[in-house]
Amino acid sequence: MIRQRSNLIERCPECGNSTILQDSKSAELVCTNCGFVLTTDMTDMGPEWRAFTPEERKTKVRVGAPQTFMLHDKGLSTKIDWRDIGNFAPKKKAQLYRIRRWQQRIRVSDSIEKNLAVALSEMSRLCETLNLPRSITETAAIIYRKAAKKRLTRGRSIHGLAAASTYFACRQCRIVRSLSEVSMASGINRKELASNYRFLVREFRSFVPPVKPRHYITRLSNQLRLNSKTEEIAHKISRAAKNEKLTSGRGGKSIASAAMYIACKIAGENRTQREFAEAADLTEVTIRNRYREMINRLLIMVSL
DNA sequence: CGGAGTAAAAGGCACTT
DNA sequence: AAGTGACTTTTACTCCG
């Protein structure tokens, strides 16, 4: 679902204010006044570059499609139309045919290029189904290119590696998309996706920080349309839980959900454990366990 | 229905063989 | 690459108001 930017300048249905902001970091449209989230199905239509001065803008702006990592030739090579427009002499026709054939050979020359072409289009499609912003698509493309350059694609499925690169990009850019989500969208089984991802991380010797509870809180509160005040309380509880050493070893999702559940109680927003469990893709039992610990430990803190 | 709680099975991770 | 062990999460279930 692609929406033009012009369609987005509308009134916020929550507060009537018309200051809507594209939050490309979490791929959401947010009202700057009340924090209401209008849509999460956002496509970033902006340029891939930034300019800070008019001079810079002048040098960067250009005609034609922007250069992109999403095309195997970065969108730079020449394309020759497949048809003959106009009447040509047979000799000319033959020449055109030869030119076209060579152009084709040059454009998608070796096996790496062919591999790239398939992978990049697959990643574009995947990012679109996952409603990921353009920046992620580009990052995923860069990761895949790096892998291809290191010849890591050998003996592995292109689709599997493409999905893993996309997941990698999400983790690097702190945009929460779970392995299951990427797995569902790509049709790659979860375990294979996870192992491909680990393989890439190992090969690149890169350290990817785990997803922190606060990232989940931000996403879940948008997903469940929670009050921004409630979200704030949840962040505080989550920080307090961390100080009380309740977070190590536990999944970030469970900490976030429990903190948010408590925050809702405090703020008087009636939400069920079930709602959180569904949104965060875990069970009520897990939320109860974390939440019980928090209540106990944080009450001790209060009584001291 | 929403929630508290439990035991046992399953899952994921660091670490070894 | 398979095995191990400590640990978390899920499954499946009972009970409460």
Side-chain angles (χ1 to χ4, degrees), chain A residues 147 151-157 160-161 163-168 170-172 174 176-217 219-221 223-227 230 233-234 237-303:
Chain A
R151 303 263 168 179
L152 301 178
T153 47
R154 296 188 161 225
R156 270 162 218 281
S157 95
L161 227 46
S165 302
T166 308
Y167 178 70
F168 201 151
C170 289
R171 290 290 298 268
Q172 264 190 346
R174 310 282 186 290
V176 182
R177 292 291 185 278
S178 67
L179 272 172
S180 319
E181 283 174 291
V182 179
S183 161
M184 290 252 280
S186 64
I188 305 292
N189 113 0
R190 226 184 76 99
K191 282 195 167 173
E192 195 192 328
L193 175 62
S195 97
N196 273 334
Y197 165 68
R198 278 199 305 275
F199 169 73
L200 286 180
V201 173
R202 208 179 327 119
E203 286 296 325
F204 293 157
R205 288 185 181 72
S206 67
F207 171 73
V208 184
V211 186
K212 298 274 175 8
R214 64 165 184 277
H215 299 124
Y216 286 115
I217 291 177
R219 187 184 179 199
L220 287 173
S221 107
Q223 215 172 317
L224 295 170
R225 303 274 146 99
L226 290 188
N227 202 312
T230 314
I233 297 170
I237 295 170
S238 160
R239 276 198 293 274
K242 192 184 167 144
N243 289 336
E244 283 296 297
K245 311 267 179 268
L246 291 175
T247 54
S248 93
R250 273 72 185 268
K253 270 198 282 198
S254 56
I255 305 287
S257 308
M260 292 177 81
Y261 179 66
I262 299 172
C264 279
K265 292 226 149 166
I266 293 172
E269 269 195 270
N270 271 338
R271 299 307 182 105
T272 61
Q273 294 176 356
R274 160 122 279 203
E275 280 181 86
F276 286 106
E278 236 164 70
D281 193 28
L282 28 81
T283 60
E284 289 109 308
V285 181
T286 308
I287 294 178
R288 280 204 281 277
N289 288 337
R290 293 291 82 79
Y291 140 84
R292 203 164 52 219
E293 281 174 353
M294 286 185 189
I295 291 282
N296 291 338
R297 294 290 283 276
L298 300 177
L299 271 183
I300 289 166
M301 221 171 65
V302 170
S303 68

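Side chains are part of it too, since the values below use all heavy atoms of this structure and drop only hydrogens, waters and symmetry mates. Below, chain A is the first sequence line, B the second, and so on; all start at residue 1.
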Per [X] side chain, nearest of listed nucleotides [options]:
| X | options | answer |
| --- | --- | --- |
| A/Tyr261 | C/dT9, C/dT11, B/dG3 | B/dG3 |
| A/Arg288 | B/dG12, C/dT8, B/dG3 | B/dG3 |
| A/Gln273 | B/dC13, B/dA4, C/dT10 | B/dA4 |

(request) Side-chain contact test, heavy atoms from C-beta onward, threshold under 4.5 Å: evaluate it for A/Arg250 versus A/Glu293 and give yes or no. (result)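 Sidechains of A/Glu293 and A/Arg250: in contact.
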
(message) Contact between A/Arg271 and A/Leu226 at the side-chain level, heavy atoms closer than 4.5 Å - yes or no?
(response) yes

Protein-nucleotide distance ([X], atom [atom1]; [N], atom [atom2]), rounded to Å:
| X | N | atom1 | atom2 | value |
| --- | --- | --- | --- | --- |
| A/Ile287 | C/dT8 | CD1 | P | 17 Å |
| A/Lys253 | C/dT9 | NZ | C1' | 11 Å |
| A/Phe199 | C/dA1 | CZ | C1' | 16 Å |
| A/Arg290 | B/dG3 | CZ | P | 18 Å |
| A/Glu284 | C/dT14 | CD | P | 17 Å |
| A/Leu246 | C/dT8 | CG | P | 11 Å |
| A/Glu275 | B/dG2 | CD | P | 9 Å |
| A/Arg250 | C/dA6 | CZ | P | 17 Å |

(message) I need the A/Glu278 CD to A/Leu224 CG distance, nearest 0.5 Å.
(response)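 The CD atom of A/Glu278 sits 9.5 Å away from the CG atom of A/Leu224.
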
(message) So A/Thr272, base contact, sugar-phosphate only, or nothing? Heavy-atom distance under 4.0 Å.
(response) sugar-phosphate

(message) Suppose we call a contact any N or O donor and acceptor under 3.5 Å apart; does that hold for the side chain of A/Arg292 and the base of B/dG5?
(response)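 Result: no qualifying N/O pair found.
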
(message) For A/Lys191 and A/Val285, find the nucleotide of DNA chain B closest to each by heavy atoms; which residue's nucleotide sits nearer the 5' end?
(response) A/Val285

(request) Output yes when at least one side-chain N/O atom of A/Thr283 is less than 4.0 Å from OP1 or OP2 of C/dT9, else no. (result)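 It does not, given that no N or O in the side chain of A/Thr283 lies less than 4.0 Å from OP1 or OP2 of C/dT9.
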
(message) With a 4.0 Å cutoff (strictly under), does any side-chain N or O of A/Ser254 reach OP1 or OP2 of C/dT8?
(response)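 A/Ser254 to C/dT8 OP1/OP2: no side-chain N or O under 4.0 Å.
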
(message) Angle between ring planes, A/Tyr261 versus A/Phe276, binned at 30° and 60°: parallel, tilted or perpendicular?
(response) perpendicular

(request) Could you tell me whether A/Glu181 and A/Arg219 make a salt bridge, using a distance below 4.0 angstrom between a side-chain N and a carboxylate O? (result)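 Yes, charged N to carboxylate O under 4.0 Å.
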
